[in-house]
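See below for the structure under consideration.
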Amino acid sequence: MKYLVRDKIFAIGDDYWIEDEHGRHAFLVDGKALRLRDTLELKDPAGRVLVTLRAKMLSLRDAMVIERDGEPLATVRRKRLSLLRNHYRVTMADDSGTELDVSGRILDREFAVEYDGQLLAHISRRWLRMRDTYAVDVVREDADAPLLIAVAVCVIRMAERE
């Protein structure tokens, strides 16, 4: 399933619909203004919060936390040694030690999210003619689409701040 995301949604205080490949509203991004730290909520069409994205405060390295139901779900950080391509690591908060790998040309919106060498999502502008829009193509049906969209948003925000 492909989801269309506009780059301009990242302004705090802005709200924007993410559409599915059929043009239907799939998720609402709610930028929370007047907060001490960078905060976005990804909601379903009924208004229920699916995940919350927060910039991690007082961290040695830039990081963002993805929360579900008020509990940490994952932490996104840039890998220390990545010379040729942008690499980020998503560490799941559960005790499984699961990590997702994000690599590619982040600022060009051409990158992939993988788990254990298997592609979960591909993020690209290549398919689109609309300016300031990119697609998050969730390739596995059993993948957590809100989590993968949140990962893409976090990685892009972090890359743009660097």
Margin query: Hydrophobic cluster membership, with links at side-chain heavy-atom distances under 4.5 Å among I/L/V/M/F/W/Y: are L73 and V65 in one?
Written below: no
Notebook entry, point to check: Does the pair E160/R109 count as a salt bridge with the N-to-O cut at 4.0 Å?
Noted result: yes
Next item on the list: Establish whether V139 and V136 are linked, either directly or via other cluster members, by ILVMFWY side-chain heavy-atom contacts under 4.5 Å.
Entry: no
Item checked: Interatomic distance, I66 atom CD1 to R54 atom CZ [nearest 0.5 angstrom] -> 12.0 Å
Item checked: Donor-acceptor contact present, side-chain D69 to main-chain E71, <3.5 Å -> no
Checklist line | Hphob cluster co-occupancy, Y115 + I123, side-chain heavy atoms under 4.5 angstrom | finding: yes
Item checked: Nearest heavy-atom neighbours spanning P72 and A93 -> O-CB, 3.2 Å
Notebook entry, point to check: Name the one of R77, R89, K79 that satisfies salt bridge (charged side-chain N to carboxylate O under 4.0 Å, His left out) with D101?
Noted result: K79
Next item on the list: Walk me through it: do L148 and Y3 pass the test side chain to side chain contact (heavy atoms under 4.5 Å, CB included)?
Entry: CA-CA 11 Å; L148 294 173; Y3 298 95; over 6 Å; no
Item checked: Evaluation steps, side chain to side chain contact (heavy atoms under 4.5 Å, CB included), between V113 and V90 -> CA-CA 9 Å; V113 181; V90 180; 5.8 Å; no
Checklist line | Closest heavy-atom pair and its distance - T133, R125 | finding: O-CG, 3.4 Å
Check: If you look at every heavy atom in M92 and A74, which pair is closest and at what distance?
Finding: SD-CB, 3.8 Å
Margin query: So which atom in A112 and which in L119 form the shortest heavy-atom distance, rounded to 0.1 Å?
Written below: CB-CD1, 3.6 Å
Margin query: Quick check on side-chain contact (heavy atoms from CB on, under 4.5 Å): which of T91, D116, L120, V76 does L100 satisfy it with?
Written below: L120
Next item on the list: Name the orientation class of the two ring planes belonging to H25 and W17 (parallel below 30°, tilted from 30 to 60°, perpendicular beyond 60°).
Entry: parallel
Item checked: Reported OG-to-CG distance for the pair S124 and D108, which is rounded to 0.5 angstrom -> 10.0 Å
Notebook entry, point to check: Under 4.5 Å between side-chain heavy atoms, hopping through other hydrophobics if needed: is there a path connecting V29 to L50?
Noted result: yes
Note to self: Side chains of D62 and R78, heavy atoms from C-beta outward: is any pair under 4.5 Å?
What the structure shows: no
Note to self: With side chain to side chain contact (heavy atoms under 4.5 Å, CB included) as the criterion, how do F27 and V5 come out once you've worked through the C-alpha distance, each side chain's angles and the decisive distance to 0.1 Å?
What the structure shows: CA-CA 10 Å; F27 305 105; V5 183; over 6 Å; no
Notebook entry, point to check: How close do A26 and P45 get, heavy atom to heavy atom, and via which atoms?
Noted result: O-CD, 3.2 Å
Next item on the list: Evaluate the side-chain proximity of L40 to R157: yes if any heavy-atom separation is below 4.5 Å, no if none is.
Entry: yes
Note to self: Just verifying a value: how many Å separate R48 CZ and E41 CD, rounded to the nearest 0.5 Å?
What the structure shows: 14.0 Å
